[in-house]
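Both ligands and their constituent atoms are indexed starting at 1 by order of listing.
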Amino acid sequence: MSAMCGIFGYVGSREDAGKIVVDGLKHLEYRGYDSWGISYKCEDELIKIEKETGKISSVNSNDFCQKSSIAIAHTRWATHGGVSKCNAHPHLSEDGSISVVHNGIIENYQDLRNELKNKGYNFASETDSEVIPHLIQEELKSCSDFSTAVRNACKRFEGRFAVLAMDSNSQTLVAARTGSPLIVGVEKADNGKIDGFFIASDIPAFMEYSKTVQYLDDGEMVVTDGNKIVFTDLETGEEHPKREIEITWNAEKANKGEYDHFMLKEIMEQKDSVARAVNQDEEQIKTIANAIRNAKGTFLIGCGTAHKSCMAGEYFFSIIAQHHVNVSSAGEFKPYHHFLQPESLVIVVSQSGETADVLEAMNIAKEKGSKVLAIVNVEGSTIAREADYTLLINAGPERAVASTKALTGQMAVLILIAYAMIDKLQDGKKQLLDATALINDMLNPRYIDFLRGVAGQIHTHEDLYIIGKSWNFPMALESAIKIQEVSYIHAEGFAGSELKHGPIALVEEGTPCIALIGNDELKGDIIGNTIELKARGAKIIGIAPENNEVFDTWIKVPDAAAAQAIINIIPVQVLSYFLAVQRGKDPDMPRNLAKSVTVK
Ligand code: F6R
């Protein structure tokens with residue numbers, strides 16, 4: 001059982017390592033929240049382990065205040081098998097001296113497990129991860145130091161992973177990366193003396209203590225005892241010099257402000273976040289527009305919601321710039337790899353900048369010599385650092401699992417580029433800034449209350465369909481994702497014209513159907529599709545700038561021309577939020593999901 005997770009460790013002069021890692025882990029919960037665990041070493045004792053199923057956010061870090069200056073921790077999202085205490089990390093070596101947390105997949109774990117079992121090792125979990133501490137213990141028999149044993153063990157693992165191992169004898173942490181992110185935080189005293197090191201899947205885990213970071217690249221390993229840190233090539237052991245980078249951004253406090261949930265807070269933030277996305281360096285946007293114009297094939301790649309913004313991008317480029325681009329879900333990109341050539345441009349779109357399928361698409365593109373542009377929210381993420389060019393959408397931290405403000409920021413950037421391609425960057429910018437003023441007007445308390453009421457009318461239904469045409473078609477697909485993931489209602493999105501080719505058979509008397517409509521040349525067509533639904537008994541919720549007699553409920557949206565897709569999705573986001581709340585679900589942490597999908 002592999003895992004996709006958040007990992008965090010500390011070693012240094014502080015004496016509350018257990019508390020530090022529990023507090024830090026709370027910032028990594030977006031990476032998985034089905035179980036958590038920590039291990040730490042108190043004076044003269046073997047490693048102590050505490051683990052539980054459930055969310056780390058409900059744990060009191062003061063319960064882990066025993067004197068300790070070394071600890072590792074893990075918050076988990078299981079990819080196969082059950083969620084249980086014994087499958088939670090950390091995992092211990094047979095002799096209890098080594099504990100390990102792991103993010104990713106050890107693909108050959110079955111062979112290794114059998115080999116270790118034959119040598120007398122006992123396994124307490126069903127995870128792939130447990131082979132790691134046992135194999136390190138085994139390797140220690142033939143080498144003298146802990147870090148060499150970790151290196152030798154890692155060389156035997158197949159797959160993409162990040163491993164953090166703690167040794168109670170040498171009081172050291174060793175971490176290795178072959179795919180999943182790992183970042184070192186350096187804590188220094190005022191006189192510049194090293195005070196300790198943090199190793200985490202993401203910077204917010206240790207930002208309270210350090211804004212000086214060093215990134216591990218794929219194929220690298222670090223060893224630290226809290227006084228110094230050494231980066232080496234995982235394969236050869238050759239030492240790698242590493243730059244220290246000062247982080248200039250702030251992790252916005254995990255503060256919901258006046259809101260009950262991050263999801264609603266982040267939806268409301270679109271009043272400002274779309275404008276921040278539009279505020280790009282104009283010369284850079286023009287350079288990118290040129291690169292698309294000159295590329296032999298442009299590919300837009302993303303997963304989930306980001307993929308829907310890519311699909312919308314295909315319409316933006318076609319309708320605004322009369323330019324064809326190819327769109328693929330990152331996980332479905334393989335059959336198209338052979339089209340990539342050095343003159344191709346691959347645009348990867350990702351909120352987190354860590355999605356495994358997107359990273360793989362990016363790496364293939366680079367191997368083929370194609371240029372990669374990343375449209376990313378999280379600064380310093382792997383995709384942001386490794387792309388040839390990066391555009392940050394500046395939406396600010398997105399904590400709710402359901403992506404909202406990142407989507408609209410991504411679409412705003414794509415619209416901007418499409419306008420730049422026809423040398424009308426200023427027109428595009430004005431339209432988008434006008435749209436942000438419209439979002440501000442739209443998201444007023446009366447409107448939010450009205451949407452709460454609409455959710456109240458439909459929250460007991462188990463099926464819901466959404467239709468749209470042109471750029472409202474990807475928004476219909478996105479609406480379905482939003483409603484499914486937070487409310488668990490079976491929602492599906494369709495192109496309006498596709499209904500009568502099959503899906504309309506699903507519609508019964510009273511089935512709620514949402515129609516996403518713009519004031520464009522396709523308005524008549526989509527109204528026609530809506531009438532067909534109504535004729536089969538559907539209750540129609542129209543999201544449109546103008547009312548129509550076919551609507552049972554009209555959700556009024558402003559007329560926003562090319563930004564209509566951005567405007568139309570916002571009331572659906574709010575509706576999804578209220579559907580979740582009214583059905584008693586937690587919209588911020590839906591079941592079975594994680595914010596950052598770091599396994600394929
Ligand atoms: C849905 C959602 C996911 C993500 C997808 C890609 O609300 O958030 O579908 O869009 O996992 O994630 P990023 O954008 O981080 O690459």
Side-chain angles (χ1 to χ4, degrees), residues 4 6 28 30-33 77 79 180-181 201-202 261-264 266-267 270 273 277 300-313 327-333 346-362 372 374-384 386-387 390-393 395-411 413-414 474-475 477-489 491 493 569-570 572-577 579-580 585-600:
M4 182 183 79
L28 300 180
Y30 70 90
R31 306 178 70 86
Y33 41 78
W77 186 87
T79 51
S180 310
S201 306
D202 198 0
H261 297 99
F262 284 112
M263 185 178 176
L264 187 57
E266 288 160 7
I267 291 170
Q270 291 172 112
S273 60
L300 268 172
I301 314 275
C303 288
T305 291
H307 172 237
K308 303 307 166 290
S309 75
C310 294
M311 287 180 71
V327 175
S328 175
S329 148
E332 286 298 315
F333 190 43
V346 174
I347 304 179
V348 292
V349 180
S350 173
Q351 188 286 129
S352 62
E354 299 294 352
T355 303
D357 283 322
V358 182
L359 263 166
E360 184 181 74
M362 179 168 98
V372 178
I375 299 178
V376 175
N377 190 31
V378 179
E379 192 178 349
S381 56
T382 308
I383 292 175
E386 292 184 1
T390 297
L391 281 182
L392 294 174
I393 61 165
E398 200 181 59
R399 300 287 171 120
V401 162
S403 188
T404 53
K405 60 178 178 169
L407 168 85
T408 49
Q410 292 157 359
M411 289 199 292
V413 167
L414 291 169
M475 291 306 98
L477 301 180
E478 167 58 11
S479 301
I481 297 186
K482 276 306 79 84
I483 295 169
Q484 292 157 3
E485 71 180 324
V486 298
S487 75
Y488 316 155
I489 291 175
I569 195 66
I570 292 176
V572 185
Q573 295 170 342
V574 181
L575 207 56
S576 315
Y577 169 76
L579 287 172
K585 312 297 178 205
D586 176 357
D588 283 350
M589 291 194 196
R591 69 184 178 199
N592 306 340
L593 287 167
K595 183 71 181 159
S596 189
V597 183
T598 56
V599 290
K600 290 207 297 170

Check for me whether Arg399 meets the cation-pi criterion with Tyr30, that is, NZ or CZ under 6.0 Å from the six-membered ring centre and within 45 degrees of the ring axis.
no

Check for a donor-acceptor pair, side chain of Lys482 on one end and backbone N or O of Ile569 on the other, with a separation under 3.5 Å.
no

Please check if the side chain of Asp588 supplies one atom and the backbone of Phe262 the other of a donor-acceptor pair under 3.5 Å.
yes

Sole residue of Gln270, Lys405, Glu478, Glu266 in side-chain hydrogen bond (donor to acceptor under 3.5 Å, both in side chains) with Gln573
Gln270

For ligand 1, would you mind listing the residues that have at least one heavy atom less than 4.0 Å away, ordered by chain and number?
Cys303, Gly304, Thr305, Ala306, Ser350, Gln351, Ser352, Thr355, Val401, Ala402, Ser403, Ile481, Lys482, Glu485, Val597

Under 4.0 Å between a Lys/Arg side-chain N and an Asp/Glu carboxylate O for Glu398 and Lys595?
yes

Just by modelled atom types, is the Ala491 backbone N or O under 3.5 Å from a matching donor or acceptor in the Gln484 side chain?
yes

